[in-house]
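Notes to accompany the following structure.
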There are 2 protein chains.
Amino acid sequence: MKVIFKIWLEENGVVAFSEGRKMLLEAIDRLGSLNAASKELGMSYRAAWGKVKATEKALGAKLLNVTTGGKGGGGAVLTQEAKELLSKYKKYKKRIAILTEKEFKRFFK
Amino acid sequence: MKVIFKIWLEENGVVAFSEGRKMLLEAIDRLGSLNAASKELGMSYRAAWGKVKATEKALGAKLLNVTTGGKGGGGAVLTQEAKELLSKYKKYKKRIAILTEKEFKRFFK
DNA sequence: ATTCATTATGTCATAAATGACATAACGATG
DNA sequence: CATCGTTATGTCATTTATGACATAATGAAT
């Protein structure tokens with residue numbers, strides 16, 4: 001038997017940040033493109049874009065600096081705010097994972 | 001902004017115990033009847049029964065001692081194993097809730 | 001001005017989870 | 001041995017979440 005957990009942030013009752021959005025932002029950061037990120041994650045561009053938009057709305061913050069046109073068609077890079085959110089979330093999640101596992105052993109083994 | 005989490009136990013990749021099942025077992029324990037418990041929780045008997053059955057299968061353990069017939073038609077009471085599981089889960093969940101909140105304040109405030 | 005790969009967005013389809021419906025089986029009680 | 005409220009279980013419907021499709025807009029580069 002093992003323990004599984006999901007953790008996310010909410011603002012006014014709607015999801016503001018979660019694991020899926022973390023992965024998406026990471027991919028955008030690495031690839032410089034929302035379109036490329038969506039492909040890498042095996043989801044449609046539409047779905048990826050919707051997640052970014054939903055997060056921005058929930059947080060009232062801009063996550064991406066986007067450009068269109070030119071050779072390559074444009075791209076997207078994370079705002080400073082997005083980078084900070086991503087960093088905090090990752091550290092927090094990691095910490096909770098450790099604690100969850102530690103306590104699980106204490107209670108169930 | 002606030003943090004939300006869900007935590008559950010899995011055995012061989014399938015859910016073995018979770019918050020909903022906790023509430024169901026608590027209601028059965030209090031009411032002495034799966035049917036009454038399902039009504040209290042606002043779910044169909046079928047759904048409640050399915051949860052119990054799924055849990056028993058996942059854990060390979062018997063959770064309820066059931067009787068049918070007689071005045072009142074029968075009923076269900078928790079086995080010792082179910083009581084122990086319930087107790088452990090509640091304590092564990094409580095502990096994780098405290099830690100999650102504490103760490104949230106530390107990281108995001 | 002044309003091109004091109006991107007971002008932007010509305011609408012529709014599909015899948016997965018959840019619950020509802022119907023019906024059988026049970027068995028102590030009277 | 002008929003009754004009654006419970007447990008037991010298959011099947012069907014509904015809701016909800018997720019992704020797919022289609023199409024427009026953008027704007028630097030050529």
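Sequence lines set the chain letters: A, B, ... in the order given, protein chains first and strands last, and positions in each chain run from 1.
Both the sub-6.0 Å distance and the 45° axial angle are not jointly satisfied by A/K93 relative to the ring of B/F107.
Atom CG in A/L64 sits roughly 13 Å away from atom P in C/dT9 (whole-Å rounding). Rounded to an integer number of Å, the gap from NZ of B/K57 to C1' of D/dA8 is 16 Å. Remark: C1' of D/dT6 and NZ of B/K39 are 10 Å apart, rounded to the nearest angstrom. Remark: P of C/dT7 and CG of A/L78 are 12 Å apart, rounded to the nearest angstrom. One atom, CD of B/E56, and another, C1' of D/dA8, lie 12 Å apart when rounded to the nearest Å. Distance, B/I28 CD1 to D/dT7 C1': 11 Å, rounded to whole Å. Rounded to whole angstrom, the span from the CZ atom of B/R21 across to the P atom of C/dA17 amounts to 12 Å. Taking atom CG of A/L31 as the reference point, atom P of C/dT7 lies 11 Å away to the nearest angstrom.
Taking only side-chain nitrogens and oxygens, A/T67 never comes nearer than 4.0 Å to OP1 or OP2 of C/dT7.
Under the 4.5 Å side-chain heavy-atom criterion for ILVMFWY residues, a single connected hydrophobic cluster contains both B/L85 and B/V66. Hydrophobic clustering (ILVMFWY, side-chain heavy atoms < 4.5 Å, transitive): A/V3 and A/W8 are in distinct clusters. There is a path of hydrophobic side-chain contacts, each under 4.5 Å, that joins A/Y45 to A/L41.
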Heavy-atom contacts, protein to nucleotides 25-30 of chain C, under 4.0 Å, summarised as B (base), S (sugar-phosphate only) or - (none) per nt, yield -BBBS-
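Within 4.0 Å (heavy atoms only), A/A36 reaches no atom of the nucleic acid at all.
For the segment residues 43-52 of chain B, the set of residues with a heavy atom within less than 4.0 Å of an atom of DNA chain D comprises B/Y45, B/R46, B/W49, in numerical order.
Using a 4.5 Å cut-off on side-chain heavy atoms (C-beta onward), B/V52 and B/E56 make contact.
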